[in-house]
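Counting convention: from 1, in listed order, for ligands and their atoms alike.
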Amino acid sequence: DYVRKLQDISFLESTLSDTLKIGKVVILPGDSDQEDVVKREIGRTAAHILSKLLSDGNKHIVAVSGGTTMAAMAANVSGSQPNTVVVPARGGLGDNVELQANTIATVLAQKLGASYRQLYVPDCVSEDILNSILKEDIGVRAVVDIIKQADILVHGVGRASVMARHRRLGSEVIAKLEADGAVGEAFGQYCALDGRQVYMTNNAGLMLQDLQHIGTIIGIAGGKSKAAAILSVIRASRQDILITDEAAAHEILKMA
Ligand code: F6P
């Protein structure tokens, strides 16, 4: 029975990778919504794939997002990568400290034996304030420059409504997101199911147009409830590796 299940999963992986045109899809059995262990396994798999990418002897800059799935990856990684630098993909200090991209970058770097840089730019500052921070704060600018050179991006994916509430976006913005059909969110970018980018939080770091310069983009997210979110983000950006679970995969295939 177990062998059949594994065969089913590898069939599911190749179907999803063909349908979504993603080079590599890894699917863990189960549903992250139902069992925490599935999220941990997604994290462990992501850690393994990242370690392999870093072991080619080259210098790497890894940009990471925040969230619980990313924390599961950071918890499971180990290695000795003194040539690697880990940075947060974008600013934003809104999350619980342990789930912020800055913290994930630090934990990941320490476990990898790599170095890290932090980006201290709060969410929800006006464009003017953001521009003057970028202009006047040499420290922030130096980190943004490093982030823009990232060759690997690992990010989580969330449901637009959940993330908008979590980040305490204003009621006008939330209404606009709903009206525009936003279903998914990744690195501050809110996307509709057809891949339209509906809204982007104002912050420093990676922007959608930077993704084309990144060698490997890895998305990690599971759970049946995230299927539409995952599909929207994949359609809106580029994804080279997707690590998800069986429940999300089945649901994505129904929608795609
Ligand atoms: O807030 C950082 C972030 O990566 C978001 O971009 C994403 O929507 C969310 O976390 C995913 O979090 P989780 O893995 O906890 O669902």
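- When hydrophobic clusters are built by joining Ile, Leu, Val, Met, Phe, Trp and Tyr residues whose side-chain heavy atoms come closer than 4.5 Å, directly or via intermediates, Val26 is not grouped with Ile22.
- With Arg159 contributing its side chain and Ala228 its backbone, the two residues share no donor-acceptor pair below 3.5 Å.
- Taking a 4.0 Å cut-off on heavy atoms, Glu185 registers as neighbouring ligand 1.
- Taking the charged nitrogens against the carboxylate oxygens, Asp210 and Lys148 do have a contact shorter than 4.0 Å, which makes a salt bridge.
- Between Glu136 and Arg141, no side-chain nitrogen of the basic residue sits less than 4.0 Å from a carboxylate oxygen of the acidic one, so the salt-bridge criterion is not met.
- Contact annotation for Lys226 and ligand 1: only side-chain heavy atoms (C-beta onward) come within less than 4.0 Å of the ligand.
- Counting heavy atoms under 4.0 Å from ligand 1, residue Val157 touches it through the backbone alone.
- Residue contact check: Phe187 has heavy atoms under 4.0 Å from atoms 6 (O) of ligand 1.
- In this pair, Phe187 and His155 present their aromatic rings perpendicular. The plane angle is above 60°, beyond the 30 to 60° band.
- With sequence neighbours left out, the side-chain hydrogen bond (donor to acceptor under 3.5 Å, both in side chains) criterion links Glu41 to Arg44.
- Atom CG of Leu53 is separated from atom NE2 of His60 by 7.0 Å, given to the nearest 0.5 angstrom.
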Should Glu13 and Lys24 be marked as a salt bridge (charged side-chain N to carboxylate O under 4.0 Å, His left out) after you check the CA-CA gap, both sets of side-chain angles, and the distance that decides it? CA-CA 8 Å; Glu13 287 172 343; Lys24 185 180 171 80; over 6 Å; no
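- Of all protein heavy atoms, the one lying nearest to atom 14 (O) of ligand 1 is Thr69 OG1, 2.5 Å.
- The single protein non-hydrogen atom nearest to atom 12 (O) of ligand 1 is Gly67 CA, 3.6 Å, given as residue, atom name and distance.
- Taking every heavy atom of Gly66 and a limit of under 4.0 angstrom, the matching atoms of ligand 1 come to 2 (C), 3 (C), 4 (O), 10 (O).
- Atom numbering of ligand 1 starts at 1 in the shown order; those under 4.0 Å from a heavy atom of Gly158 are 7 (C), 8 (O).
- Among protein heavy atoms, atom 15 (O) of ligand 1 sits closest to Thr68 OG1, 2.5 Å.
- Contacts with ligand 1 closer than 4.0 Å are made by side-chain heavy atoms of Arg167 only, the backbone lying farther away.
- At least one heavy atom of Met163 lies less than 4.0 angstrom from ligand 1.
- The ligand atoms of ligand 1 that sit less than 4.0 angstrom from a heavy atom of Ser65 are 4 (O).
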